Protein chains: 2
Amino acid sequence: MTERSPAAGKPIRTAITDEDGIDFAIIELFFFAYRDFTSDPDQILADYGFGRAHHRVLHFVNRRPGLTVAELLDVLKITKQSLARVLKQLIDTDHIVQVQGLRDRRQRELYPTAKGRALALALARPQSRRIRAALEDSGTAERASIERFLEAMVNPELRAQIDIVPAQTSGKKNGDH
Amino acid sequence: MTERSPAAGKPIRTAITDEDGIDFAIIELFFFAYRDFTSDPDQILADYGFGRAHHRVLHFVNRRPGLTVAELLDVLKITKQSLARVLKQLIDTDHIVQVQGLRDRRQRELYPTAKGRALALALARPQSRRIRAALEDSGTAERASIERFLEAMVNPELRAQIDIVPAQTSGKKNGDH
DNA sequence: GGAATTACGTCAGTACTGTTGACGTAATTT
DNA sequence: AAATTACGTCAACAGTACTGACGTAATTCC
């Protein structure tokens with residue numbers, strides 16, 4: 001009974017290889033890297049009784065203050081109901097506030113509070129530290145390669161989402177005059 | 001009532017920036033990239049009634065045939081109970097077989113069946129295609145940078161897990177004579 | 001050889017995040 | 001005035017993760 005099921009297929013004893021041109025090396029690296037990348041904030045979130053979903057909402061509301069619920073759903077690619085619970089908790093705990101839209105009063109613009117801003121920063125800090133460490137000996141060229149790669153991994157139709165953030169690396173700040 | 005909660009904090013209307021040296025650009029790219037990276041296999045898995053957990057188990061059993069349950073738990077960093085259901089389903093559907101360990105008969109060595117091997121390949125294919133497309137115009141140097149970066153993102157203590165896979169890029173196959 | 005430990009399976013209970021579908025309301029558009 | 005849109009909410013459910021506990025067979029320790 002312990003051995004194997006009666007009519008089971010035979011065990012394959014050779015490791016899967018890069019046959020068929022499958023890039024297992026990067027597939028696996030990506031899995032490990034993302035697992036550890038998310039583990040840092042997870043520990044902080046646990047103190048607040050929050051999960052990864054809260055983190056994502058908090059992140060994007062801080063990155064794009066004033067975005068509407070519909071826009072947030074579109075960025076996160078989850079359903080309204082999934083967002084509802086999480087968003088409600090963030091509002092109840094005063095991390096996020098809703099402001100009625102000016103143009104369209106049906107819309108709720110989402111903004112972080114000072115508390116929400118602080119938490120978003122606290123969550124991003126270890127992740128950024130990890131990235132900085134990983135790029136330690138890398139020059140700007142390597143960094144550019146990595147950014148290009150990650151961007152190219154995103155579905156083309158959705159790449160627009162990435163660029164919504166107000167470019168602020170250069171001197172171009174707010175104000176359009 | 002629609003406006004804002006009574007004693008809520010004031011909305012912050014400026015976007016979070018790279019102040020404090022936080023690398024939001026890569027944090028966000030990593031999120032989008034991983035989201036889309038996992039979306040391809042998710043669709044295939046749905047046809048089988050499987051989820052992401054099944055994928056991960058299937059992947060590692062194919063990559064390291066003969067690994068034990070304990071080793072698998074260590075790689076996936078999940079608990080026994082989380083693995084149990086998923087593994088049971090994969091065994092019941094004849095994707096994976098257990099073989100009693102030779103050295104230690106308490107251990108169950110896990111092997112893919114032909115069916116399990118085929119599914120693992122089918123799941124990896126779109127991911128590999130996406131990676132290849134993302135690396136399209138990249139040379140070997142860029143690829144190396146990206147691999148180095150991803151590896152450096154993994155917790156140092158756990159980097160050993162990555163190297164367990166039998167190196168097979170070079171001619172060194174099985175057999176030690 | 002007997003006791004402790006290990007590897008694994010399993011049961012119970014719970015939490016978080018995600019899904020679909022339906023319904024209501026207020027605001028905007030046609 | 002009617003249709004549509006943006007949002008909130010309710011119900012029901014699924015997948016994946018957790019903790020803690022218990023049992024069994026095999027191995028190791030003394």
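Letters A, B, ... mirror the listed sequences (proteins, then strands); counts begin at 1. FYI, side chains are in, hydrogens and waters are out, and symmetry mates aren't considered; it's all heavy atoms of this structure. This structure is a prediction, so every number in the text was calculated from the model and none was measured.
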Novice: Could you list the donor-acceptor pairs under 3.5 angstrom formed by side chains in residues 53-60 of chain B, with sequence neighbours left out?
Specialist:
from: B/His54; atom 1: ND1; to: B/Gly51; atom 2: N; distance (Å): 2.9
from: B/His54; atom 1: NE2; to: B/Gln89; atom 2: OE1; distance (Å): 3.3
from: B/His59; atom 1: NE2; to: A/Glu28; atom 2: OE1; distance (Å): 2.8

Novice: Does anything in residues 111-130 of chain B pair up under ring-ring contact (aromatic ring centres under 6.0 Å, His included), and if so which pairs, sequence neighbours excluded?
Specialist: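 Not a single pair qualifies under ring-ring contact (aromatic ring centres under 6.0 Å, His included).
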Novice: Do you know the tightest heavy-atom contact between B/Arg117 and A/Ala15?
Specialist: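 That would be NH2-C, 3.8 Å.
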Novice: Tell me which pairs pass ring-ring contact (aromatic ring centres under 6.0 Å, His included) where either residue lies in residues 142-162 of chain B, with sequence neighbours left out.
Specialist: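 Output for this query is empty, none listed.
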Novice: Contact list please: residues 65-73 of chain A against DNA chain D, heavy atoms, distance less than 4.0 Å, in numerical order.
Specialist: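 By residue number: A/Thr68, A/Val69, A/Ala70.
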Novice: Can you give me the bend angle of the helix from C/dG1-D/dC30 to C/dT30-D/dA1? Use the axis through the first five pairs and the one through the last five, nearest 10 degrees.
Specialist: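 Axis-to-axis angle, ends of the helix: 30°.
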Novice: Could you grab the distance from atom CD of B/Gln161 to atom CZ of A/Phe32, nearest 0.5 Å is fine?
Specialist: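 B/Gln161 atom CD to A/Phe32 atom CZ measures 5.0 Å (nearest 0.5 Å).
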Novice: Show every ring-ring contact (aromatic ring centres under 6.0 Å, His included) that has at least one partner inside residues 80-104 of chain A, sequence neighbours left out.
Specialist: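 Those involving residues 80-104 of chain A are A/Phe50-A/His95.
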Novice: Could you state the interatomic distance from OG (A/Ser39) to CD1 (A/Ile44), rounded to the nearest 0.5 Å?
Specialist: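 Between A/Ser39 OG and A/Ile44 CD1, I get 10.5 Å after rounding to 0.5 Å.
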Novice: Take atom CD in A/Glu157; do more than 12 heavy atoms of anything else shown fall under 6.0 Å from it?
Specialist: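 Counting other residues, nucleotides and ligands, CD of A/Glu157 exceeds 12 neighbours.
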Novice: Could you pull out every donor-acceptor pair under 3.5 Å between side chains of residues 67-77 of chain A and any protein atom, sequence neighbours left out?
Specialist:
from: A/Thr68; atom 1: OG1; to: A/Glu71; atom 2: N; distance (Å): 3.3
from: A/Glu71; atom 1: OE1; to: A/Thr68; atom 2: N; distance (Å): 2.9
from: A/Asp74; atom 1: OD1; to: A/Lys77; atom 2: NZ; distance (Å): 3.3
from: A/Lys77; atom 1: NZ; to: A/Asp74; atom 2: O; distance (Å): 2.7

Novice: Taking only residues at least two apart or on different chains, which pairs with a member in residues 127-142 of chain B satisfy salt bridge (Lys or Arg N to Asp or Glu O under 4.0 Å)?
Specialist: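 Qualifying pairs, neighbours excluded: A/Arg148-B/Glu142, B/Asp40-B/Arg130.
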Novice: Taking CD from B/Gln81 and P from D/dC18, how many angstroms apart are they, rounded to a whole number?
Specialist: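 In whole Å, D/dC18 P and B/Gln81 CD are 10 Å from each other.
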Novice: Quick one: side-chain hydrogen bond (donor to acceptor under 3.5 Å, both in side chains) partners of A/Arg106, sequence neighbours excluded?
Specialist: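 side-chain hydrogen bond (donor to acceptor under 3.5 Å, both in side chains) list for A/Arg106, sorted by chain: A/Asp104.
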Novice: If you round to the nearest 0.5 Å, how far is CD1 of A/Ile27 from CG of B/Leu150?
Specialist: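 Going from CG on B/Leu150 over to CD1 on A/Ile27, the span is 12.0 Å.
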Novice: With a 4.0 angstrom cut-off to heavy atoms of chain A, pull out the first and last contacting nucleotide of DNA chain C, in 5'-to-3' order.
Specialist: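 Contacts span C/dC16 to C/dT28, reading 5' to 3'.
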Novice: So, taking the atom named CG in B/Leu121 and the one named CD1 in A/Ile16, what distance separates them when rounded to the nearest 0.5 Å?
Specialist: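 So the gap between those two atoms works out to 4.0 Å.
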Novice: Which comes earlier along DNA chain C counting from the 5' end, the contact point of A/Arg56 or that of B/Lys80, where each point is its nearest nucleotide?
Specialist: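 Taking each residue's closest nucleotide, the earlier one in sequence belongs to B/Lys80.
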Novice: I need the CD-C1' distance between B/Gln89 and D/dG15, as an integer number of Å.
Specialist: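 The answer, rounded to whole Å, is 9 Å.
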Novice: Hey, are the side chains of B/Phe30 and A/Thr38 touching, using non-hydrogen atoms and a 4.5 Å cut-off?
Specialist: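 Heavy-atom side-chain distance check fails, nothing below 4.5 Å.
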Novice: Mind listing the residues from residues 32-55 of chain A sitting with a heavy atom below 4.0 Å of DNA chain D? Number order is fine.
Specialist: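 Of all residues in residues 32-55 of chain A, none places a heavy atom under 4.0 Å from DNA chain D.
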Novice: Locate the shortest heavy-atom distance separating A/Asp23 from B/Ser128; write the atom from each residue and the value.
Specialist: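 Heavy atoms of A/Asp23 and B/Ser128 come nearest at N-OG, 2.8 Å.
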Novice: Please write out the pairs of protein N or O atoms and N or O atoms of nucleotides 28-30 of chain D separated by less than 3.5 Å, giving the distance to one decimal.
Specialist:
none

